[in-house]
Amino acid sequence: MNRNEIIERLSLSEPDSLAALYAEANEIKTSTIGNKVYLRGLIECSNICNKNCYYCGIRRDNQTVSRYLLSDEEVLSAVDFAWKNRYGSVVLQSGEQQSAHFTNYITRLLHQIKEYTNNEVGITLSCGEQTGATYKEWFKAGAHRYLLRIETSNKVLYYKLHPNDDKHSFDNRLAAIRQLRIEGYQVGTGVMIGLPFQTVDHLADDLLFFRSMDIDMAGMGPYLEHSQTPLYQFRHLLLPPDKRLELALKMVATLRLLMPDINIAATTALQVLHPEGREMAVSAGANIIMPNMTLPKFRPEYLIYEHKPGINDDADISKSKLEQNLQNAGIDIGYNEWGDSRHFTG
Ligand code: SF4
C-alpha cells in the first residue's frame with residue numbers, strides 16, 4: 001500500500017465503504033494470526049512523571065494530582081488477580097522516572113512477578129525513555145515487550161505536543177525506540193489520533209513510520225483532552241467524538257492491512273468515545289486488550305485524559321463486562337497465553 005492508498009482509506013466516510021474496510025482488516029487478521037484476543041492486565045504502578053507533555057493529565061506541572069508509587073505487595077496483588085483469571089500477560093505502566101530507585105523498583109518487581117507466577121505470565125513494560133543499560137537490566141529481569149509511543153511521527157507536530165527541550169527531544173525518543181530493538185524486546189509504539197493540528201497526511205505518515213521501524217506492536221488511541229493541560233486551549237479544533245472514533249478505527253484497520261502479523265491494541269481511550277469502542281476496534285483488526293488491574297483507589301490519579309472509563313469499577317467488574325462483550329461479538333480470548341507478536345516470533 002502506498003501513501004496515497006493509505007490516505008484514501010483514512011478518508012473513507014460512507015458507511016458501506018467503512019464496513020468493507022473493517023471487514024477486510026478483520027479477515028486479514030484472522031487468516032494471518034487467528035481470531036483470538038489476548039488480555040494484558042494493566043497495572044499503573046506510578047503516576048510520578050518528570051515530563052511535561054502538553055496533552056497529559058499527569059504531567060509534572062499538574063499540581064492537582066496526588067502522586068503515588070504502588071508498593072510491591074499492591075503490584076503483586078494485581079498480578080495475582082490477572083494470573084488467577086488466566087490473563088496471559090501483565091503490563092507495568094508508569095510516568096517517566098530515571099532514578100536508580102525507580103530502576104531498582106521495576107527490576108525487583110520483574111523478578112518477583114516471574115517467581116510468583118512460575119514464569120507463566122508475560123510482561124510488557126511501558127515506563128518511558130530510559131538508558132540502554134536500564135532497558136538491558138529490565139530485559140534480563142524478565143520483561144520481553146516494551147511499549148514506547150512516539151505520539152506523532154511528525155517532528156513539527158511533536159513539538160506542538162511537547163516542550164522543545166532536552167527532556168522532550170524527538171530524536172531521543174526515536175533513539176530510545178531503536179535501542180529497545182537492540183536490547184531484544186518486542187517493540188511497540190503508537191500515536192494519538194485526532195489531535196489538534198493533525199491532518200490525514202500526518203496519520204498516513206505515522207502508519208508508514210510504523211512500517212519503516214518494523215515494529216512488533218502498536219497502541220494507538222483517539223486523542224482525548226484533559227482540562228488541566230496546555231493543549232486543552234485548542235479543543236475547538238477537534239473533530240467531534242464520533243468522527244474521532246471513526247478515524248481511530250480506520251487507523252487500526254489500515255495498519256492491519258499494512259502490517260498483518262503485528263499485535264495491535266484496542267486501547268481504553270476508544271471506550272471513552274463509545275462503550276464498546278474496544279470491541280469495535282477488535283472487529284476492525286485489533287487483537288490485544290489491556291483491562292485495568294490497578295486498585296480502584298489509585299485509578300482516579302492516573303488520568304492521562306478525563307472521563308476515563310471504569311475508574312470506579314473493581315477488576316472483577318471490568319473483567320466480566322469485557323468478557324461478556326467479547327463473547328457477544330463472537331471473539332475468542334487467548335486465556336493463559338502470552339500472545340507474543342507473530343511479527344517477532346515468526
Ligand atoms: S505522556 Fe507520559 S511522559 Fe508525558 S507527561 Fe504523561 S506520563 Fe509523563
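Numbering of ligands and ligand atoms starts at 1, following listing order. Values reported hereafter were calculated over all heavy atoms of this structure, with side chains retained and with hydrogens, waters and symmetry mates removed.
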Original post:
Within a reach of under 6.0 Å around CD of Glu5, are more than 12 heavy atoms found that belong to other residues, nucleotides or ligands?
Top reply: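 For Glu5, atom CD is crowded (more than 12 foreign heavy atoms under 6.0 Å).
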Original post:
Got more than 12 heavy atoms from elsewhere within 6.0 Å of CG, Asn328?
Top reply: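 Counting other residues, nucleotides and ligands, CG of Asn328 exceeds 12 neighbours.
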**OP:** Flag the pair Trp83 / Tyr116 as yes when their ring centroid distance falls below 6.0 Å, and as no otherwise.
**Re:**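 Yes, they do, as the ring centres are separated by less than 6.0 Å.
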Subject >> Sub-4.0 Å protein heavy atom near atom 2 (Fe) of ligand 1 >> reply: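 So atom 2 (Fe) of ligand 1 lacks protein heavy-atom neighbours under 4.0 Å.
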**OP:** Return the orientation label for the Tyr135 and Tyr146 ring planes: parallel under 30°, perpendicular over 60°, tilted otherwise.
**Re:**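 Perpendicular, since the angle between the ring planes exceeds 60°.
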Original post:
Just one of His226, Lys160, Met192 clears the side-chain contact (heavy atoms from CB on, under 4.5 Å) bar with Tyr55, so which one?
Top reply: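 Of the listed options, the one satisfying the test is Met192.
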Original post:
Where is the nearest protein heavy atom to atom 6 (Fe) of ligand 1: which residue, which atom, and how far?
Top reply: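 Its nearest protein heavy-atom neighbour is Cys56 SG, 2.3 Å.
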Original post:
Which of the atoms of ligand 1 are close to Tyr55, meaning less than 4.0 Å from one of its heavy atoms?
Top reply: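 Those of ligand 1 that fall under 4.0 Å from Tyr55 are 1 (S).
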Original post:
At a 4.0 Å threshold, what atoms of ligand 1 neighbour a non-hydrogen atom of Cys49?
Top reply: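 Answer for ligand 1: 3 (S), 5 (S), 7 (S), 8 (Fe).
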Subject >> Side chain, backbone, both or neither: the part of Ile58 lying under 4.0 Å from ligand 1 by heavy atom >> reply: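 The answer is the side chain of Ile58.
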Original post:
Is there an N/O/S atom in Cys53 at a distance below 2.8 Å from atom 8 (Fe) of ligand 1?
Top reply: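 Not a single backbone or side-chain N, O or S atom of Cys53 is under 2.8 Å from atom 8 (Fe) of ligand 1.
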